[in-house]
Amino acid sequence: MANVLVAFYSRKGENFMPGGIQVLEKGNTAYAAEHIANALGADIFEIDTVRPYAAAYKECCKEAVAEKSQNARPAIKGSVEDMAKYDTVFVCFPNWCGTAPMCVFTFLEQYDLTGKKIAPLCTNEGSGLANSEEDLRQCCKGAEILPGLSGRGHQAKDSAEVIANWAKEIMG
């Protein structure tokens, strides 16, 4: 099998869920990323910001809007040591302001992704992939952006089979 990396950003703490704001011990997108990594035997990398986002959901939303309007690239912790060894990168993220969080673009822009396949998975509560696939095309010049998967965040933990089947289909 080709060398596969699953890179993800996931928000724990206050999150919007059906019925209102709930506090999560583990972010929804983390579950989705783990389902892919487990199904494919892939390596996994968590994208984590140097400066944490606000714990309060509404404050975090304000930060996300400000970052998007400024096209910001918040600093992140760590990096993938040998991105060249990966043929396919699954990029998993929640939908923030109609696209991936800006820290996901910080992560991707560190690397030459020419010739790689990028497979987006977006958790959300109804907004879908929105502009994320096109934004990834703009960010990941020379990479092939594969058909993404949109899933309800609150269902991610229990969606191992659906997510694994999509990931296996992507891999051919």
- Item | Side-chain H-bond candidate by donor/acceptor type, Asn95 with Ser127, under 3.5 Å |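 Present: a donor and an acceptor within the cut-off.
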
For [X], enumerate each residue passing the ring-ring contact (aromatic ring centres under 6.0 Å, His included) test, keeping only those at least two apart in sequence or located in another chain.
{"X": "Phe107", "answer": "Phe45, Tyr111"}
{"X": "Tyr57", "answer": "none"}
{"X": "Phe16", "answer": "none"}

- Residue pairs, two or more places apart or on separate chains, that pass salt bridge (charged side-chain N to carboxylate O under 4.0 Å, His left out) and touch residues 157-172: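 Qualifying pairs, neighbours excluded: none.
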
- Task: Quick one: which residue pairs count as a salt bridge (charged side-chain N to carboxylate O under 4.0 Å, His left out) with a foot in residues 92-118, not counting sequence neighbours?
- Result: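 Only Arg73-Glu109 qualify under salt bridge (charged side-chain N to carboxylate O under 4.0 Å, His left out).
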
Single-linkage hydrophobic cluster, 4.5 Å side-chain cutoff, [X] and [Y] together:
{"X": "Ile44", "Y": "Leu149", "result": "yes"}
{"X": "Tyr31", "Y": "Leu24", "result": "no"}
{"X": "Trp96", "Y": "Leu108", "result": "yes"}
{"X": "Ile118", "Y": "Val104", "result": "yes"}

Heavy-atom closest contact ([X] atom, [Y] atom, distance):
{"X": "Met102", "Y": "Ala72", "value": "CB-O, 3.2 Å"}
{"X": "Ala37", "Y": "Val6", "value": "N-CG2, 4.0 Å"}
{"X": "Ala100", "Y": "Phe105", "value": "O-CE1, 3.5 Å"}
{"X": "Tyr53", "Y": "Pro74", "value": "OH-CG, 3.7 Å"}
{"X": "Thr123", "Y": "Gly153", "value": "CB-CA, 3.9 Å"}
{"X": "Gly128", "Y": "Cys122", "value": "O-SG, 3.4 Å"}

Could I get the full list of side-chain hydrogen bond (donor to acceptor under 3.5 Å, both in side chains) partners for [X], not counting sequence neighbours?
{"X": "Thr49", "value": "none"}
{"X": "Lys62", "value": "Glu59"}
{"X": "Ser132", "value": "none"}
{"X": "Asp48", "value": "Lys77"}

- Pair listing, side chain to side chain donor-acceptor pair (under 3.5 Å) test, anchored in residues 137-154, at least two apart: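 Pairs touching residues 137-154 that pass the test: Asn124-Ser150, Glu125-His154, Glu134-Gln138, Gln138-Lys141.
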
- Message: Filter on side chain to side chain donor-acceptor pair (under 3.5 Å), then keep only pairs touching residues 9-18, sequence neighbours left out; what's left?
- Response: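 Listed once each, the pairs would be none.
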
Quick one: pull up [atom1] in [X] and [atom2] in [Y] and give me the separation to the nearest 0.5 Å.
{"X": "Cys60", "Y": "Lys58", "atom1": "SG", "atom2": "NZ", "answer": "13.5 Å"}
{"X": "Asp135", "Y": "Cys97", "atom1": "CG", "atom2": "SG", "answer": "11.0 Å"}
{"X": "Ile170", "Y": "Leu146", "atom1": "CD1", "atom2": "CG", "answer": "5.0 Å"}
{"X": "Ile76", "Y": "Cys103", "atom1": "CD1", "atom2": "SG", "answer": "7.5 Å"}

Is there a side-chain contact between [X] and [Y] in this structure, where contact means two heavy atoms from C-beta onward sitting under 4.5 Å apart?
{"X": "Phe93", "Y": "Ile47", "value": "no"}
{"X": "Gln155", "Y": "Val162", "value": "no"}
{"X": "Phe90", "Y": "Leu40", "value": "yes"}
{"X": "Phe8", "Y": "Leu121", "value": "no"}

- Carefully, step by step, assess Met83 and Val89 under the rule side-chain contact (heavy atoms from CB on, under 4.5 Å). CA-CA 9 Å; Met83 183 63 86; Val89 180; 4.1 Å; yes

[X] (side chain) donor-acceptor with [Y] (main chain) under 3.5 angstrom:
{"X": "His35", "Y": "Ala156", "answer": "yes"}
{"X": "Asn131", "Y": "Thr99", "answer": "no"}
{"X": "Thr106", "Y": "Ala75", "answer": "no"}
{"X": "Glu133", "Y": "Gly148", "answer": "yes"}
{"X": "Glu63", "Y": "Ala54", "answer": "yes"}
{"X": "Asp43", "Y": "Leu5", "answer": "no"}

- Name all residues meeting the salt bridge (charged side-chain N to carboxylate O under 4.0 Å, His left out) criterion together with Glu34; count only those two or more places apart in sequence or in a different chain, and write none if there are none.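 Expected list: Lys26.
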
- Message: Please determine whether side-chain contact (heavy atoms from CB on, under 4.5 Å) holds for the pair Asn28 and Met17, giving the CA-CA distance in whole Å, both sets of side-chain angles, and the decisive distance to 0.1 Å.
- Response: CA-CA 10 Å; Asn28 296 317; Met17 305 282 274; 3.7 Å; yes

